[in-house]
A.B. asks: 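My questions will all concern the structure given below.
Hydrogens, waters and symmetry mates play no part in the numbers below; they use all other heavy atoms, side chains included. Because the structure is a prediction, the values reported are computed rather than measured. Residues take their numbers from the sequence shown, with the count starting at 1.
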Amino acid sequence: ERFRLVAESTNEYIYDWDIQNNTIWRNKRYNEDYGISPNKQINYEWWAERLHPEDAERIQAHGDKFLASKDTHWREEFRIRLADGQFANMVDRAIIIRNENGTAIRALGTVTNVTDKKKAEQALLESERIHSTLISNLPGVCYRCLNDEHWTMTFISDGITSLTGYLPDEMKDNKSTSYSNIMHPDDRPWIWDYVQHALGNKIPFEIEYRITTRSGQLKWVWERGRGI
């Protein structure tokens, strides 16, 4: 009774699968979102028919292998069709109860709808892709660095390679060299003072100075930035 009270008060989908008789008890949230009445008898086949076509074979094959094993903790991610006809992203976790012979006889599980989380992750990835594309097509170099003596780069665009001969990964976090190292020694002190003044006054800065490329070539560069 306590289990059922908890099951009816949660936003999770909760189920109790009697594997031997192939019947599935489920809580109120499960019934509502799948569009089934509390008294309707459902089984594994009913559930499997609603799996996304791209996930069905994988999930069913894993399920068969899992039930035939001696494992007791199940976890899977899949897409499944709900009552509104839309596929939702789910994370399914269950405890498998086995008899003295190790045969699976019951599964008690909770299912979490992670559709919104997946959409947010996809939106972030798309935003990062667009951001990366825009930066890669900008002339020059875009960067984000620490305000330390090395100007340690936490991000630097691909343009750094054509400018200096160094790959972004070589300069990021001072892996092979720091940005300070390629600045002309005579320019480092005044660059530091100038940028610190701008940061202290919370204003943008523009400077021109010399760098030495990987091949030893001396180049003049123009830089514009501001503190964040």
Side-chain angles (χ1 to χ4, degrees), residues 10-15 26 29-30 32-35 47-66 71 73-94 109-148 150-180 182 199 202 204-205 214 221 223-228:
T10 183
N11 285 326
E12 299 286 293
Y13 304 109
I14 297 180
Y15 64 89
R26 60 278 171 194
R29 175 72 188 278
Y30 195 115
E32 289 175 347
D33 285 13
Y34 280 89
W47 173 83
E49 287 176 356
R50 284 154 178 78
L51 288 170
H52 193 286
E54 295 177 1
D55 297 338
E57 183 176 353
R58 171 180 61 85
I59 294 299
Q60 293 181 80
H62 183 202
D64 291 343
K65 182 178 179 181
F66 183 87
D71 293 336
H73 289 75
W74 160 272
R75 184 189 184 282
E76 259 295 358
E77 295 189 26
F78 51 81
R79 291 162 291 176
I80 196 164
R81 189 177 68 253
L82 298 181
D84 61 5
Q86 300 299 309
F87 285 97
N89 295 85
M90 301 291 193
V91 175
D92 187 348
R93 301 176 181 89
T110 65
V111 185
T112 305
N113 190 329
V114 294
T115 304
D116 291 342
K117 179 183 177 183
K118 288 289 185 180
K119 287 181 178 178
E121 290 173 350
Q122 290 171 359
L124 178 60
L125 288 173
E126 179 63 13
S127 176
E128 290 176 344
R129 185 192 66 79
I130 293 172
H131 182 257
S132 177
T133 300
L134 287 173
I135 286 178
S136 65
N137 284 287
L138 288 174
V141 180
C142 293
Y143 70 88
R144 181 173 61 249
C145 73
L146 302 180
N147 185 32
D148 61 17
H150 303 294
W151 304 113
T152 301
M153 295 292 168
T154 59
F155 168 80
I156 192 161
S157 67
D158 292 342
I160 194 66
T161 303
S162 59
L163 179 65
T164 69
Y166 291 97
L167 296 171
D169 285 345
E170 291 180 300
M171 195 163 286
K172 185 179 177 182
D173 298 321
N174 308 324
K175 185 175 182 180
S176 296
T177 189
S178 69
Y179 192 74
S180 177
I182 69 171
L199 296 179
K202 298 181 179 180
F205 60 86
R214 184 172 220 153
V221 296
E223 178 180 342
R224 184 178 195 178
R226 70 177 305 150
I228 55 173

A.B. asks: What's the shortest heavy-atom distance between Arg81 and Phe87, and which atoms?
C.D. replies: N-CD2, 3.4 Å
A.B. asks: Using the test side-chain hydrogen bond (donor to acceptor under 3.5 Å, both in side chains), find all partners of Glu76 that sit at least two apart in sequence or belong to another chain.
C.D. replies: Arg58, His62
A.B. asks: Could you tell me whether the side chain of Thr164 and the main chain of Ile160 form a donor-acceptor pair under 3.5 Å?
C.D. replies: yes
A.B. asks: Look at atom CZ of Arg224 and say whether more than 12 heavy atoms of other residues, nucleotides or ligands are closer to it than 6.0 Å.
C.D. replies: no
A.B. asks: Minimum heavy-atom separation for Val114 to Met90, with atom names?
C.D. replies: CG2-N, 4.2 Å
A.B. asks: Between Ser178 and Thr152, is there a side-chain heavy-atom distance shorter than 4.5 Å?
C.D. replies: no
A.B. asks: Going from CD on Glu49 to CD1 on Ile80, what distance comes out if it is rounded to the nearest 0.5 angstrom?
C.D. replies: 10.5 Å
A.B. asks: Would a 4.5 Å heavy-atom cut-off, applied to side chains only, mark Lys175 and Glu170 as touching?
C.D. replies: no
A.B. asks: Any idea which heavy atoms bring Gly140 and Ser157 closest together, and the distance?
C.D. replies: O-OG, 4.2 Å
A.B. asks: Considering all heavy atoms of both residues, which atom of Met171 and which atom of Ile182 are nearest to each other, and what is their separation?
C.D. replies: CE-CD1, 4.1 Å
A.B. asks: Compute the ring centroids of Phe78 and Trp47, then answer whether they are less than 6.0 Å apart.
C.D. replies: yes
A.B. asks: Hey, what do you get for OH (Tyr34) to CZ (Arg29), rounding to the nearest 0.5 Å?
C.D. replies: 10.5 Å
A.B. asks: Any side-chain heavy atom of Leu82 within less than 4.5 Å of one from Asn113?
C.D. replies: yes
A.B. asks: Output the distance between atom CG (Leu146) and atom CG (Asn174), rounded to the nearest 0.5 Å.
C.D. replies: 8.5 Å
A.B. asks: Keeping the roles fixed (side chain from His52, backbone from Glu54), state whether a donor-acceptor pair exists under 3.5 Å.
C.D. replies: yes
A.B. asks: Calculate, to the nearest 0.5 Å, the distance between atoms NE2 and OG1 belonging to His150 and Thr177 respectively.
C.D. replies: 10.5 Å
A.B. asks: Kindly determine whether Glu77 and Lys118 satisfy salt bridge (charged side-chain N to carboxylate O under 4.0 Å, His left out), including the steps that lead there.
C.D. replies: CA-CA 11 Å; Glu77 295 189 26; Lys118 288 289 185 180; 3.4 Å; yes
A.B. asks: Determine whether more than 12 heavy atoms belonging to other residues, nucleotides or ligands lie under 6.0 Å from atom CD of Glu126.
C.D. replies: yes
A.B. asks: If you compare all heavy atoms of Ser180 against all heavy atoms of Trp151, which two are closest, and at what distance to 0.1 Å?
C.D. replies: CB-CD1, 4.1 Å
A.B. asks: Using modelled atom types and a 3.5 Å cut-off, is there a donor and acceptor pairing between side-chain atoms of Thr115 and backbone atoms of Asn89?
C.D. replies: yes
A.B. asks: Should the pair Arg26 and Tyr15 be classed as cation-pi, given the thresholds of under 6.0 Å to the six-membered ring centre and 45° from the axis?
C.D. replies: no
A.B. asks: From Ile156 CD1 over to Leu167 CG, what is the distance, rounded to the nearest 0.5 angstrom?
C.D. replies: 11.0 Å
A.B. asks: Just how far is it from atom CD of Gln86 to atom CZ of Arg79, taken to the nearest 0.5 Å?
C.D. replies: 13.0 Å
A.B. asks: Mind checking what makes side-chain contact (heavy atoms from CB on, under 4.5 Å) contact with Asp169, not counting sequence neighbours?
C.D. replies: none
A.B. asks: Among all residues two or more places apart in sequence or in another chain, which pass the side-chain hydrogen bond (donor to acceptor under 3.5 Å, both in side chains) test with Thr161?
C.D. replies: none
A.B. asks: For a quick test of reading the model, state the closest non-hydrogen atom pair linking Tyr30 to Ile14 and the distance between them.
C.D. replies: CD1-O, 4.2 Å
